[in-house]
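To keep things clear, I will list the structure first and then write my remarks on it.
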Amino acid sequence: MGGKESVARGQTVITAVQTHVWFRRFMTECPSGLQTLHEFKALLGLQGLNQRVNQYVDQLFNVFDKNKDGFIDFLEFIAALNLVIQGKMDQKLKWYFKLYDADGNGSIDRKELLNIFMQVRFSHPMESMTFQAINGQNTLNAQEFTNLVFKKIDVNNDELTLEEFISGLEKDQNLLEMITKSFDLSHVLKAIQNGRKQDT
């Protein structure tokens with residue numbers, strides 16, 4: 001246990017030591033205890049981004065900012081990280097839904113989903129982000145993947161509601177796996193954990 005991540009039922013668990021390291025780093029970067037968007041990007045080493053990735057990071061910040069006051073306090077920060085690391089699948093899907101719902105109207109249209117998939121493509125440095133097709137043979141670009149998501153889970157052929165999104169993904173394990181892989185935030189968590197190797 002100690003400072004290492006432990007695993008419970010196949011999920012990574014945030015330890016008290018990690019929480020303390022993140023708290024120290026958070027308070028060093030944000031002595032007021034409130035993190036601005038600029039400080040959020042600095043903490044994660046996400047400066048000098050192109051416009052698309054910048055929009056994705058802005059949306060990520062807005063999802064972390066639960067009370068919508070324009071700041072992330074440490075409780076919001078650690079709660080979001082905890083959810084990403086060890087939250088139940090339905091909690092993660094609600095969180096993903098909020099991330100995809102860029103205009104906050106309670107539904108996801110094709111343009112919003114396409115934009116977020118395009119942004120994810122540019123935010124993952126290791127891959128040109130083509131989505132592996134369900135049969136494992138083909139790859140899909142962001143437009144094709146967006147069309148696949150809507151074809152498989154959009155009941156009304158209009159916009160995705162939270163209910164459609166969650167129930168559709170829970171029923172289609174292949175699509176669920178593709179979605180969760182596309183939004184793997186482990187690179188963000190590694191940046192926080194490693195703290196550029198300063199705090200550990």
Side-chain angles (χ1 to χ4, degrees), residues 9-12 37 40 46 49-68 72 76 79-189:
R9 287 180 244 116
Q11 294 181 334
T12 305
L37 176 60
F40 178 72
L46 299 173
L49 305 171
N50 70 40
Q51 184 179 0
R52 246 179 220 202
V53 178
N54 214 31
Q55 289 173 340
Y56 172 67
V57 174
D58 291 355
Q59 182 68 7
L60 189 61
F61 178 87
N62 290 331
V63 171
F64 275 46
D65 180 16
K66 290 288 223 192
N67 64 2
K68 305 300 178 218
I72 297 174
E76 290 171 322
L81 292 179
N82 195 43
L83 172 65
V84 170
I85 291 175
Q86 65 185 26
K88 293 180 181 175
M89 186 51 67
D90 64 326
Q91 294 170 320
K92 288 182 181 183
L93 291 176
K94 287 177 186 173
W95 192 81
Y96 288 153
F97 185 87
K98 287 180 184 178
L99 185 61
Y100 299 167
D101 182 14
D103 62 9
N105 71 351
S107 64
I108 304 168
D109 62 34
R110 285 179 186 270
K111 184 178 178 187
E112 286 175 316
L113 198 59
L114 177 60
N115 284 339
I116 202 85
F117 288 150
M118 299 277 292
Q119 293 162 18
V120 167
R121 180 177 136 206
F122 292 109
S123 69
H124 285 298
M126 303 167 298
E127 46 192 283
S128 63
M129 203 55 185
T130 52
F131 299 89
Q132 182 123 19
I134 292 171
N135 62 13
Q137 304 287 322
N138 302 325
T139 55
L140 305 171
N141 64 33
Q143 180 68 57
E144 292 166 333
F145 188 61
T146 299
N147 292 340
L148 177 68
V149 169
F150 270 84
K151 180 180 175 187
K152 288 188 163 269
I153 65 176
D154 182 24
V155 175
N156 309 2
N157 293 320
D158 54 0
E159 295 183 339
L160 294 175
T161 65
L162 177 63
E163 295 76 26
E164 285 176 323
F165 184 76
I166 291 174
S167 73
L169 289 176
E170 286 178 340
K171 289 176 187 171
D172 190 325
Q173 289 301 307
N174 291 322
L175 194 57
L176 176 62
E177 185 178 334
M178 291 169 68
I179 292 278
T180 54
K181 280 184 180 178
S182 71
F183 283 91
D184 175 19
L185 296 177
S186 61
H187 60 289
V188 172
L189 297 176

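When a residue number appears, it is its place in the shown sequence, counting from 1.
Annotation for Arg110 and Thr146: closest pair O-CG2, 3.7 Å, computed over non-hydrogen atoms. Of all the heavy atoms in Gln143 and Leu114, the pair that sits closest is OE1-CD2, 3.2 Å.
Counting heavy atoms of neighbouring residues, nucleotides and ligands inside a 6.0 Å radius, atom NZ of Lys151 does not exceed 12 of them.
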Take Met89 and Leu169 through the side chain to side chain contact (heavy atoms under 4.5 Å, CB included) test and state the conclusion after the steps.
CA-CA 10 Å; Met89 186 51 67; Leu169 289 176; over 6 Å; no

Between Phe97 and Thr161, is a side chain to side chain contact (heavy atoms under 4.5 Å, CB included) present by the stated rule, with each step listed?
CA-CA 9 Å; Phe97 185 87; Thr161 65; 5.6 Å; no

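In terms of the ring-ring contact (aromatic ring centres under 6.0 Å, His included) criterion, Phe150 has no residue partners (sequence neighbours excluded). Remark: Asp58 engages Lys41 in a salt bridge (charged side-chain N to carboxylate O under 4.0 Å, His left out) (not counting sequence neighbours). In this structure, Glu144 has no side chain to side chain donor-acceptor pair (under 3.5 Å) partners at least two apart in sequence or on a different chain. Taking Glu159 as the reference, Asn105, Ser107, Asp109 meet the side-chain contact (heavy atoms from CB on, under 4.5 Å) condition, with sequence neighbours excluded.
In this structure, CG in Leu60 is found 11.5 Å from CG in Asp65, a value given to the nearest 0.5 Å. Atom CD1 of Ile166 is separated from atom NZ of Lys92 by 14.0 Å, given to the nearest 0.5 angstrom. Between atom CZ of residue Phe165 and atom CG of residue Leu113 there is a gap of 7.5 Å, rounded to the nearest 0.5 Å. From Leu160, atom CG reaches atom CG of Asp101 across 10.5 Å, with rounding to the nearest 0.5 Å.
Of the possible donor and acceptor atoms, none in the side chain of Glu164 sits under 3.5 Å from a partner among the backbone N and O of Ile153. The main-chain N or O of Phe64 is never found under 3.5 Å from a side-chain atom of Lys98 such that the two would form a donor-acceptor pair.
Among Asn147, Asp172, Asn174, the single residue meeting the side chain to side chain donor-acceptor pair (under 3.5 Å) criterion with Lys152 is Asp172.
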